[in-house]
Amino acid sequence: MVPEFIVEGFIRAIKELGVEEFVNKLRFEQPRNEQFGDFATSIALILAKELKRNPRDIAQSIVDHLSFDKRLVEKLSIDGPGFINVKLSTAFFANELERIFQCGEDYGKSKKGYGQKVNVEYVSANPTGLLHLGHGRNACIGDCIANLYEWIGYDVTREYYFNNAGRQMQNLARSIFARYRQLLGEVDFPFPEDGYHGEYIFEIANEILNNFGSKYAEETDENLEFFKKYGENWCFQKIRSTLEMLKIHHNVFYNEDSLYKEGKVEEVIRLLREKGLVYEKDGALWLALTKIGLNEDRVIVKSTGEPTYRLPDIAYHREKFLRGYDLIIDILGSDHIATVPDVLAGLKALGFDTSKVKVVFHQFVTLMENGLVVKMSKRSGRSYTLDELISEVGADVVRFFFIMRNVSSHLEFDLNLAREQSEKNPVFYLQYAYARIASIFDTAKERGIEFNFETSTECLHLPQEINLIKLQTRFPEVIEVAAEKFEPQILADYLYDLATAFHTFYHDCRIIGSNEPILSARFKLAKVTQTILRNGLTILGVSAPERM
RNA sequence: GCGCCACUAGCUCAGUUGGAUAGAGCAUCAGCCUUCUAAGCUGAGGGUCACAGGUUCGAGUCCUGUGUGGCGCGCCA
């Protein structure tokens, strides 16, 4: 984050040059190359184009009009085609470190979203089976995004939308029932055409057999209802325990069925009809999407009387709007991309501001082992469930791996790397940095080494130290950007850089054994790093161990 | 055929609303433990940023086209 006084200084200089209409073009960046200082701006190059003057001359004029506190700015220079580079002083960084230290344990939090409500919907798997790897990525991304918004001050609702009614659940009931009858000895009992073939159906059937014997063998509506309920509870309990392993908790479980029971779906049809956007054709009810800018009309109620997903989805999102959210975030797999425009168009037609809805699409997960795609789990011989993956490599690794790539990129989950309990594994690299810091404080305590956080840190001047402070100042900004872009990976990358900077510092600069004031200053540096690592890891849902 | 996403080092990926000499991890090679945890640090090699045009002082980044891969395109969700 560029210090205020630098920005203000440049704005003043630009105004004094009489070109204040270009003030909004002022941007700063952190140069890749250290030699160019801490912050750079290409404003002179931009002005050169507008004013048709030599960029270096303009840069010189700007610099001539700049007046900074000499204590804070070490050097101003004009380099290359006309970049203005600013190098800050050790006094400046000492001030920054002190400022961060004063923020305490909450460093990184902001009030940016104060008073605003956000709803993050993620996982949302129906209770018809176990969570698989795609759900895992969805869950981790959603939970991180929810955490990020909490950190920037939003009032966050974590929501899970599910459907325990309708055809899919009937299908589940019939699948379990078929397996149950097969287990009872009717080996040829027909399995439903599009039934759930997973191994877990046998497990459920077997459980029912063990608990109730042949009590439910008769194929009646009542009994099928029992199988449905039993299957639903079984699946939901599994899903919840899997999420629990990842420390993921939702505040609201929203049942699609309630939209029907409370007449919300009917209401949406009525409202759309009032707008003249609904018509009947071939015995079905259609939504006239072509009237609101889309390419094709779509069915919302099938000729069988059942609605398609679009209708309850519109009703559901309408409910979210009516509950007063300022921001509605949906986390969806890329296989849902095509469904969203219809739903948004419907909502827009109903008069809602759909710019408040942000849909985050994540690409798929491919499990790799020894350079090959893994389709099946070795232990169970079935496709990998999220459960199995977690018990194999641990929750921390799963959570980190699922967010360490760009949300919109395919994620290659390398089992070999994930199993690796060593420096190769980036999760341990971060945790190790944290544990090392904890260890320094432990050692200091054991040896009775005293330090004082009141001591000035202006003595810190080595590149390893300054680099660490620079990274520390960026933390709040990183959280904001990661939240706004719905991209937890930005935070993961940042933490990795911070850990690297700390490991380098740790290696080159001893803390215990230094003399005052270096001793206290470095302890403060370590303390702040520790806070940031802990906060960052917490947002990612990864534990911060005191010892490794 | 249409839509969305991707294409950057041998592999997996970053690249800050167009900036300076394109970065990191893994893998390979060479160093560093008597001192706070070596799950660490330092260095070396490794690039036609898929391809071709365009926009401009400047393009991995923006525009157009082509190719390759993934996901969609239903009265499934």
Side-chain angles (χ1 to χ4, degrees), chain A residues 27-33 35-36 40-42 45-46 48-49 54-55 79-83 85 124 126 163 166-168 194 281-286 295-296 298-310 312-313 333-341 361-364 366 368 371 404-414 416-417 420-433 435-444 446-447 449 474 477-478 481 489-490 492-493 496-497 499-500 502-514 522-523 526 547-548:
Chain A
R27 294 283 184 283
F28 290 88
E29 61 182 286
Q30 298 191 22
R32 274 195 281 262
N33 194 329
Q35 78 183 65
F36 294 127
T41 178
S42 59
L45 294 166
I46 292 164
K49 191 192 286 186
N54 182 314
D79 299 291
F83 291 97
N85 294 314
S124 294
N126 286 340
N163 184 6
R167 224 189 61 203
Q168 287 186 69
D194 50 353
K281 193 180 92 181
D282 306 332
L285 205 59
W286 293 68
N295 289 330
E296 275 179 286
R298 299 285 183 187
V299 170
I300 50 172
V301 181
K302 298 184 245 178
S303 52
T304 59
E306 288 173 292
T308 64
Y309 71 87
R310 290 179 193 90
D313 263 18
S334 60
D335 51 339
H336 286 75
I337 286 177
T339 70
V340 170
F361 291 108
H362 61 88
Q363 294 289 325
F364 285 7
T366 311
M368 300 290 286
M404 75 177 177
R405 300 291 177 238
N406 211 305
V407 165
S408 62
S409 297
H410 283 257
L411 183 127
E412 203 160 296
F413 195 109
D414 184 341
N416 302 90
L417 182 61
E420 191 88 43
Q421 304 267 318
S422 76
E423 79 282 0
K424 292 171 193 166
N425 192 326
V427 183
F428 296 109
Y429 185 84
L430 292 184
Q431 294 182 321
Y432 186 51
R436 270 183 150 179
I437 297 171
S439 163
I440 298 166
F441 284 99
D442 284 351
T443 306
E446 274 167 32
R447 299 187 192 169
I449 294 163
R474 285 189 46 211
E477 180 194 358
V478 166
V481 172
Q489 188 226 28
I490 292 173
D493 277 4
Y496 196 91
D497 287 346
T500 301
F502 180 78
H503 284 310
T504 302
F505 161 76
Y506 179 91
H507 183 267
D508 296 343
C509 313
R510 292 197 60 80
I511 298 178
I512 293 170
S514 300
R522 286 185 178 167
F523 264 115
R547 249 173 261 284
M548 284 177 76

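Because only heavy atoms are used, hydrogens play no part in the values below, and waters and symmetry mates are left out as well, while side chains stay in. Lettering of chains follows the sequences in order, A, B, ..., and the numbering in each one begins at 1. Because the structure is a prediction, the values reported are computed rather than measured.
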Return the set of residues passing ring pair (Phe, Tyr, Trp, His ring centres under 6.0 Å) with A/Phe361 (not counting sequence neighbours), or none when no residue passes.
none
For the C1' atoms, the ones on B/G54 and on B/G69, what distance do you get once it is rounded to whole angstrom?
26 Å
Look at all strands and tell whether A/Ala526 reaches a base, only sugar-phosphate, or nothing, counting heavy atoms closer than 4.0 Å.
nothing
Go nucleotide by nucleotide along RNA chain B from the 5' end; which of A/Asn425 and A/Gln35 gets its closest nucleotide reached first?
A/Gln35
Roughly how many Å apart are B/A27 and B/G19, using the C1' atom of each and rounding to a whole number?
33 Å
Could you list the residues that satisfy side-chain contact (heavy atoms from CB on, under 4.5 Å) with A/Ser408, not counting sequence neighbours?
A/Asn406
Partners of A/Thr500 by side chain to side chain donor-acceptor pair (under 3.5 Å), sequence neighbours excluded?
A/Tyr429
So the stems of RNA chain B, runs of at least three Watson-Crick or G-U pairs (under 3.5 Å), are B:1-7 with B:67-73, B:10-13 with B:23-26, B:28-32 with B:40-44, B:50-54 with B:62-66
Test side-chain contact (heavy atoms from CB on, under 4.5 Å) on A/Thr308 and A/Arg298 and set out the steps.
CA-CA 9 Å; A/Thr308 64; A/Arg298 299 285 183 187; over 6 Å; no
With sequence neighbours excluded, tell me which residues meet side-chain contact (heavy atoms from CB on, under 4.5 Å) with A/Arg405.
A/Arg137, A/Leu411
On a heavy-atom basis, the closest approach of A/Cys509 and A/Arg522 is CB-CZ, 3.5 Å
Do nucleotides 72-77 of chain B as a string where each nucleotide becomes B, S or -: B if the base has a protein heavy atom under 4.0 Å, S if just the sugar-phosphate does, - if no protein is that close.
S-SBSB
For A/Gln489, side chain to side chain donor-acceptor pair (under 3.5 Å) partners two or more places apart:
none
Taking only the C1' atom of each, what is the distance from B/A38 to B/G31 in whole angstrom?
14 Å
Checking understanding here: a glycosidic angle within 90° of 0 is syn, the rest anti, so what is B/C63?
anti
What distance, rounded to whole Å, do you find between the two C1' atoms, one in B/G23 and one in B/G15?
7 Å
Can you check whether A/Arg547 reaches A/Asp442 side chain to side chain, under 4.5 Å on heavy atoms?
yes
Keeping A/Asp282 on the side-chain end and A/Ala284 on the backbone end, is there a donor-acceptor pair under 3.5 Å?
no
Using the P atom as the reference point in each nucleotide, state the distance between B/C62 and B/U37 in Å, no decimals.
47 Å
Spell out, as yes or no, whether a donor-acceptor pair under 3.5 Å connects the side chain of A/Asn126 to the backbone of A/Asn163.
yes
Base contacts versus sugar-phosphate-only contacts with protein, heavy atoms under 4.0 Å: please encode nucleotides 31-39 of chain B as B, S and - from 5' to 3'.
----BBBSB
Separation of the C1' atoms in B/A52 and B/U12, to the nearest angstrom:
28 Å
Roughly how far apart, to the nearest Å, are B/G18 and B/G60 at atom P?
13 Å
When the C1' atoms of B/U56 and B/G47 are considered, how many whole Å apart are they?
25 Å
Contact string for nucleotides 6-17 of chain B, one letter per nucleotide 5' to 3', B = base within protein heavy-atom range under 4.0 Å, S = sugar-phosphate only, - = neither, reads S-----SSSSBB
Got A/Phe505 and A/Ile511 here, is their nearest side-chain heavy-atom distance under 4.5 Å?
yes
Can you sort out the partners of A/Asp508 under side chain to side chain donor-acceptor pair (under 3.5 Å), two or more places apart, ordered by chain and number?
A/Gln464
Would you indicate what A/Asp194 reaches in the nucleic acid, counting non-hydrogen atoms under 4.0 angstrom: base, sugar-phosphate, or nothing?
nothing
Which residues satisfy the side-chain contact (heavy atoms from CB on, under 4.5 Å) test with A/Phe83, sequence neighbours excluded?
A/Ser42, A/Leu45, A/Pro81, A/Asn85
Listed by chain and number, what are the side-chain contact (heavy atoms from CB on, under 4.5 Å) partners of A/Gln30, not counting sequence neighbours?
A/Phe39, A/Arg474
Students often get this wrong, so: under 4.0 angstrom with heavy atoms, is A/Phe361 touching a base, only sugar-phosphate, or nothing?
nothing
Send over the distance from A/Asp79 CG to B/U21 C1', rounded to a whole Å.
14 Å
